[in-house]
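Note that ligands are numbered from 1 as they come in the structure, with each ligand's atoms numbered from 1 the same way. Side chains are part of it too, since the values below use all heavy atoms of this structure and drop only hydrogens, waters and symmetry mates.
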Amino acid sequence: MRRMLGVKRNQKYILIFCIAAILIWMTFVWHSQISGYSDERSSGHAGNRKLSVPFGKRGLKAEGKTFRLDGQAITLISGAVHYFRIPEEYWEDRLLKMKACGLNTIETYVPWNLHEPTPNNFDFSGNLNLVKFLKLAQKLDFLVLLRPGPYICSEWEFGGLPSWLLRDPQMKVRTLYSPFFEAVIGYFEKLIPLVAPLQYSKGGPIVAFQIDNEYGSYFNDKNYLPGIKSAMVKYGVRELFFTSDNGDGARKQTLPGVLKTINFKTVKSHFNDLLTIQPNAPLMVMEFWTGWFDWWGAEHHTMSLQEYGETLNEIFSYEASVNFYMFHGGTNFGFMNGAFQDDTGYHADITSYDYDAIIAENGDLTLKYHKTKEIIEQYFPEMKKADVMLPSPILRKAYDSVATDQCLPIWNTLEFIQELTMDFPQCMEMLDINDGAGQSYGYTLYRTEIAGVKNDNFQVGGLENVHDRGTFFVDQVKKAFVASGKGASNVIGLPAPGSEKSFQLDVLVENGGRINWEHFDDQRKGLTGKLTVDGSDVKGWKVYAFEMKQKFIEQIAVANWATCTKGKELKSPHFFMYTLEIDNAPSDTYVDMSEWGKGVVFVNGMNLGRYWAIGPQQALYLPAPWLVKGKNQIIVFEEMKPAHMLKFSSNPKLTTN
Ligand code: GLA
């Protein structure tokens with residue numbers, strides 16, 4: 001018995017010992033999780049955070065007026081940086097520069113239109129590899145704020161919504177209208193499970209998710225935000241939710257447990273207003289606009305260093321968290337620029353999204369960068385990143401100008417495009433191409449034969465259906481140009497090549513970029529209705545979708561190019577082909593289009609974006625990773641007047657009036 005008792009007592013001691021050991025071990029792990037995280041953040045070490053162990057991760061919480069990460073107070077010092085606006089090869093360069101400035105967080109939108117170019121056909125590869133981008137952010141020891149939309153605004157084509165939504169004539173985007181909402185569900189069903197494993201509670205960097213974008217300013221459906229939130233939860237979102245709004249918009253967001261944040265350029269009364277509607281929560285400016293975007297025909301916008309510095313000081317004096325929008329803007333490559341409409345009409349945004357931001361479009365550190373670093377270190381000395389090495393500078397070069405005599409009229413490229421026939425013009429979204437998704441971007445050519453015109457002049461009507469810029473050709477010679485928008489005439493007179501004679505009428509319509517702010521259900525492009533000639537509807541059209549995708553550029557590159565003169569006004573748009581020979585490793589450069597008219601540049605098949613003589617942008621950023629050592633093919637699509645040479649510059653040309 002005694003022996004037995006002794007054994008029992010021993011067992012008891014062993015049990016107590018084991019429990020104590022487990023408790024000590026748990027405390028140790030718990031502590032190392034929390035302090036290890038914050039130590040490493042403040043010491044600035046990149047890449048050594050043990051995020052694969054989720055144990056003890058309570059995540060980001062809004063507790064009273066304080067953000068707490070795993071229980072420790074934290075100020076989010078975040079920068080907006082869009083992976084889809086930066087060549088993948090430069091992601092690390094830009095993020096390291098942000099790290100060295102003292103940021104602890106990055107923020108990105110997710111563009112639905114690029115990730116689901118046609119329904120149920122998803123692309124998360126290459127430059128759209130969001131998971132890779134998020135893992136890189138984690139490697140560099142950043143927290144992440146994710147803004148997956150579905151609407152993102154952002155001066156991005158249609159605010160990131162896919163154009164194929166507009167095939168539904170009743171479409172009501174950003175509402176619970178079921179065809180819209182079902183499309184959102186289909187997208188989230190794919191997107192959220194990709195990012196959910198990268199949430200902080202699962203060992204990843206994402207600490208919070210935004211629901212849609214500035215919905216308070218739109219608010220067409222009070223059930224919309226709750227619906228989007230539920231969908232995010234359904235597919236796996238577990239971290240903190242927030243919304244971001246302009247001015248009064250925040251008042252309309254009444255979702256329990258969802259943090260309201262505010263957007264502004266200067267503090268004014270914005271924080272105080274936010275405090276009146278949300279008194280017991282951390283203050284955060286989700287978009288502190290560090291500059292502003294640009295559009296064709298206007299001056300380049302900037303924000304003075306002094307105003308910028310004063311505002312940042314004021315933000316920190318409120319003990320607020322901040323997301324700099326943009327920290328690095330990047331580029332609207334391809335046809336991805338957005339647009340807006342105001343009292344004066346439709347305005348398309350330019351290709352550069354430099355934004356006068358803290359890191360320039362080409363990756364240069366600006367004066368604002370140094371100012372930002374100085375102010376962050378003043379308020380948060382522990383954020384000094386003395387040991388974060390800035391990446392070595394990316395070389396930029398003005399390559400020697402190149403000449404060509406090779407050109408190809410637009411008419412000679414029609415053979416590479418599927419010809420569609422129809423009685424009356426359809427908008428580009430309704431065209432029967434891309435497996436029923438229609439045409440999303442680029443130009444559309446509408447062709448018809450006109451017979452029996454009585455006079456030497458004829459009147460074309462229905463011009464309110466031209467979106468956004470239409471060029472009219474009679475027998476393939478340019479005769480008139482129409483821009484949609486306020487004040488545009490609804491009728492033009494064109495010269496007929498002789499009365500009673502039949503002739504060809506071509507209308508080339510450019511989608512200049514869908515509006516990313518308001519007027520959403522009105523964004524169909526091309527010819528959105530009938531045209532009339534001398535008052536009668538024109539029936540019988542051939543239609544060609546000039547999407548100008550990579551395959552088309554490859555096809556036209558081996559077509560029969562002719563010799564043509566340059567420097568003169570063109571009778572019709574032409575492609576011009578150049579070879580840029582590079583002897584060594586390529587450098588970044590700018591294609592200088594200041595002597596050209598209007599068009600698009602393609603480099604080795606990649607669409608660099610649009611240029612236009614009216615400015616403010618006169619040169620297109622060409623990143624080195626898109627060039628190769630040896631021969632590079634550059635094709636320019638010019639609508640108006642080609643220059644004699646193709647020039648390069650080592651610096652941007654954003655003219656300010
Ligand atoms: C708003 C939007 C952003 C962007 C800015 C202007 O705040 O939320 O996406 O459009 O305006 O740059």
Next on the checklist: Asp354: which residues meet the salt bridge (charged side-chain N to carboxylate O under 4.0 Å, His left out) condition with it, sequence neighbours left out?
Outcome noted: none

Checklist entry - Which residues pass the salt bridge (charged side-chain N to carboxylate O under 4.0 Å, His left out) test with Asp522, sequence neighbours left out? => result none

What are the distances between nitrogen or oxygen atoms of ligand 1 and protein nitrogen or oxygen atoms, counting only those under 3.5 Å?
unit_1	atom_1	unit_2	atom_2	d
ligand 1	7 (O)	Glu214	OE2	2.7
ligand 1	7 (O)	Glu287	OE1	2.5
ligand 1	8 (O)	Tyr109	OH	3.3
ligand 1	8 (O)	Asn213	ND2	2.8
ligand 1	8 (O)	Glu214	OE2	3.4
ligand 1	8 (O)	Glu287	OE1	3.2
ligand 1	8 (O)	Glu287	OE2	2.8
ligand 1	9 (O)	Tyr109	OH	2.7
ligand 1	9 (O)	Ile152	O	3.3
ligand 1	9 (O)	Ser154	N	2.8
ligand 1	10 (O)	Ser154	N	3.2
ligand 1	10 (O)	Glu155	OE1	3.4
ligand 1	10 (O)	Glu155	OE2	2.7
ligand 1	12 (O)	Glu155	OE1	2.7
ligand 1	12 (O)	Tyr355	OH	2.6

Checklist entry - Centre of Trp612's six-membered ring, under 6.0 Å away, within 45 degrees of the axis: is that where NZ or CZ of Lys598 sits? => result yes

Checklist entry - Got a second to check how far Tyr369's OH is from Lys97's NZ, nearest 0.5 Å? => result 8.5 Å

Checklist entry - Listed by chain and number, what are the salt bridge (charged side-chain N to carboxylate O under 4.0 Å, His left out) partners of Lys371, not counting sequence neighbours? => result Glu374

Checklist entry - Are any of the side-chain nitrogens in Lys172 or Asp521 under 4.0 Å away from the carboxylate oxygens of its partner? => result no

